[in-house]
Amino acid sequence: MELGFEGPPKGGDRITMGGEGRLLVPANPIIGFIEGDGVGPDIWAASKPVFEAAVEKAFKGARRVHWWEIPAGEKSFRNHGDYLPEHTFQSIRSAVVVIKGPLTTPVGGGFRSLNVTLRQKLDLYACVRPVRYIPGTPAPVLRPEDVDMVIFRENTEDVYAGIEWKSGSADAGALIGFLQDRFGIEVDPASGIGVKPMSPNASKRLVRRAITHALEKGRKRVTLVHKGNIMKFTEGAFRDWGYELAREEFADKVVFETEVAEKYAGRVPEGKILVNDRIADAMFQQVLLRPKEYEVLALPNLNGDYLSDALAAQVGGLGMAPGANMSDTCALFEATHGSAPKYAGLDKVNPGSMLLSGAMMFEHMGWNEAADLIVRGLSVAIQAGIVTYDLARLMPGAREVSCSGFGAAVIEKML
């Protein structure tokens, strides 16, 4: 272990990977955590007791989490002089399962984004965002309970590759000149230039994960969302590679929309998953008007970014939206909102995103009993009108509580 960095806690056992990418979770697992910046310490302090209470209530002392703090962000910079030490990446790989609060990207260079850097260096290629309505949560649509989808967003390519050149720079000018000379493409000389790479490998492994999830969780539809009507060789290729992967690896388990219409009189055969695709802009309308028709979505990076936040808004906002970034060897669960530094230390913000990400983490570990208790406690607390300020202002008659007060209410309402 590097000088000045803490190793995993004594008394716990490591989570490991078994065959076919399955987790081997001991009864006393070591789970990594990153407090995060801004409100991160507040929501972690409120959430950790909830996680521990859920495990205790679900398993009657037979299982226990051993927490391992992993450095990242402003706290890491204060203690170690580095926002993301190499030790951080090593520790996340070692822990296999980690939960984190929001991180603030430092001003002045060094990192385009701490979160993006974590995803790229750890090859966390799948951003997984389950979106479902928690009863009692105020929402802007008439039937938020119709929304129950899991989004798989590609995390390493598309705009997240960050390949771009500044307007007026020599490099941008050189590329603009090359496009003109080599391909006859006219670009305004004052333009900034970006490149949008999308590859068969990255696209297929994301779609593979989405279809595998659908099979494991009993979901019936997987939809590829793209802008392939315009960007034919990137977005359109994503769609084509997705269908190709489905045919190559899941031929006996899936059926395509054209086949359903032509061969099965419009009805999906029993035991098959429907794989279809939708144009991205049309999909925004679909999730508002016909959300029940969609269950698992697989998308390139930018489309997934927009759509996951839009869906979260339909069920109450990012304060109630869990998420994870996953590779084939480790998973980083996180609150999906920002660090909100103006609220830091006020014990004020909604810890719901962190709590639901923790429930998602326990599901990933196979500890479904603990996950269910967290979701149940959170839902009962909200239905009882015990909420933080963000929900209280939308719920007449609600009792506003602090961040930690909401965590305590969730524990009390676990049934």
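All values reported here derive from a predicted model rather than from experimental measurement. Numbering starts at 1 and runs along the sequence shown.
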V255 side chain near V268 side chain, heavy-atom distance below 4.5 Å: yes

S199 backbone acceptor or donor facing S203 side chain under 3.5 Å: yes

NZ-CD1 distance between K253 and I273, expressed to the nearest 0.5 angstrom: 9.0 Å

Please set out all donor-acceptor pairs under 3.5 angstrom arising from side-chain atoms of residues 141-151, sequence neighbours excluded.
residue: R143; atom: NE; partner: D146; partner atom: OD2; Å: 3.2
residue: D148; atom: OD1; partner: R219; partner atom: NH2; Å: 3.1

Flag if over 12 foreign heavy atoms under 6.0 Å of CD, E248: yes

Over all atoms of both residues, closest heavy-atom pair of F89 and L84: CE1-O, 3.8 Å

Lys/Arg-Asp/Glu bridge criterion (N-O < 4.0 Å) met for E69, K100: no

Residues V128, M360; criterion side chain to side chain contact (heavy atoms under 4.5 Å, CB included); working and verdict: CA-CA 10 Å; V128 184; M360 185 182 175; 3.7 Å; yes

Which residues share a side-chain hydrogen bond (donor to acceptor under 3.5 Å, both in side chains) with K121, sequence neighbours left out: E86

Nearest non-hydrogen partners of T137 and G316, listed with the distance: CG2-CA, 4.0 Å

Min side-chain heavy-atom separation M17-L24 under 4.5 Å: no

Sole residue of K217, R221, R132 in salt bridge (Lys or Arg N to Asp or Glu O under 4.0 Å) with E295: R221

G11 backbone acceptor or donor facing N28 side chain under 3.5 Å: yes

Contact summary for I43 and H337, nearest pair of heavy atoms: CD1-CE1, 3.9 Å

Closest non-hydrogen atom pair between L114 and G73, with its separation: CD1-CA, 4.0 Å

Residues E164, I193; criterion side chain to side chain contact (heavy atoms under 4.5 Å, CB included); working and verdict: CA-CA 5 Å; E164 59 177 350; I193 294 288; over 6 Å; no

L122 vs S327 side-chain heavy atoms within contact, under 4.5 Å: no

Presence of salt bridge, K204 and E244, under 4.0 angstrom: yes

OG on S308 to CG on N303, rounded to 0.5 Å: 10.5 Å

Heavy-atom donor-acceptor pair, S353 side chain to A321 backbone, under 3.5 Å: yes

Donor-acceptor under 3.5 Å (D37 side chain, E74 main chain): yes

ring-ring contact (aromatic ring centres under 6.0 Å, His included): pairs with one or both residues in residues 218-240, sequence neighbours excluded: none

Side-chain donor/acceptor of T88 to backbone N/O of A72, under 3.5 Å: no

Test side chain to side chain contact (heavy atoms under 4.5 Å, CB included) applied to I31 and M365, step by step: CA-CA 11 Å; I31 297 178; M365 294 165 52; 3.6 Å; yes

Mutual orientation of the aromatic rings belonging to Y243 and F256 [parallel < 30°, tilted 30-60°, perpendicular > 60°]: perpendicular

Electrostatic pair D42-K348, nearest N-O below 4.0 angstrom: no

Pairing residues for R208 by the side-chain hydrogen bond (donor to acceptor under 3.5 Å, both in side chains) criterion, not counting sequence neighbours: E249

Listed partners of T223 passing side-chain hydrogen bond (donor to acceptor under 3.5 Å, both in side chains), at least two apart: N276

Spacing of M283 atom CE and Y294 atom OH [to the nearest 0.5 Å]: 5.0 Å

Beyond-backbone contact of V131 with V315, side-chain heavy atoms, under 4.5 angstrom: yes

Pairs satisfying salt bridge (Lys or Arg N to Asp or Glu O under 4.0 Å), at least one member in residues 270-289, at least two apart: K227-D281, E257-R278

Side chain to side chain, V296 and H213, heavy atoms closer than 4.5 Å: yes

Residue pair M320 / G352: nearest heavy atoms and the distance that separates them: SD-CA, 4.3 Å

Shortest non-hydrogen separation from A214 to V222 and the atoms involved: CB-CG2, 3.7 Å

N301 and E157: side chain donor to acceptor below 3.5 Å: no

Candidate pair S91 and H87, rule side chain to side chain donor-acceptor pair (under 3.5 Å), full reasoning: CA-CA 6 Å; S91 298; H87 167 78; 3.1 Å; yes

Sequence neighbours excluded, every pair satisfying salt bridge (Lys or Arg N to Asp or Glu O under 4.0 Å) that has a member inside residues 44-64: none

Reported CZ-to-CG distance for the pair F152 and L299, which is rounded to 0.5 angstrom: 11.0 Å

Gap between atom CD1 of I230 and atom NZ of K232 - 0.5 Å precision: 6.5 Å

Check: W44 ring centroid to F33 ring centroid under 6.0 Å: yes

Side-chain heavy-atom pair I15, I30 within 4.5 angstrom cut-off: no

Backbone N/O of Y160 and side chain of D158: donor-acceptor pair under 3.5 Å: no

Side-chain (T117) to main-chain (S113) donor-acceptor, under 3.5 angstrom: yes

Side chain to side chain, E334 and N115, heavy atoms closer than 4.5 Å: yes

Q383 side chain to S379 side chain, donor-acceptor N/O pair below 3.5 angstrom: yes

side-chain contact (heavy atoms from CB on, under 4.5 Å) partners for R393, two or more places apart: Y389, D390

Residues that E259 engages under side-chain hydrogen bond (donor to acceptor under 3.5 Å, both in side chains), provided they are two or more places apart: none

Ignoring hydrogens and angles, write down the donor-acceptor pairs under 3.5 Å from the side chains of residues 406-415, residues two or more places apart or on other chains.
none

pair L391-N350: side-chain heavy atoms closer than 4.5 Å: yes

Approximate separation, where rounding is to 0.5 Å, of I176 CD1 and D171 CG: 11.0 Å

Residues in side-chain contact (heavy atoms from CB on, under 4.5 Å) contact with T156, at least two apart in sequence or another chain: D123, Y125, E154, A202, R205

Parallel, tilted or perpendicular, as decided by the 30° and 60° cut-offs, for the rings of F284 and Y306: tilted

Within residues 398-408 or reaching into it, pairs that qualify as side-chain hydrogen bond (donor to acceptor under 3.5 Å, both in side chains) - sequence neighbours excluded: D347-S402, D347-S404, S402-S404

Flag, side chain of S357 to backbone of F333, donor-acceptor distance under 3.5 Å: no

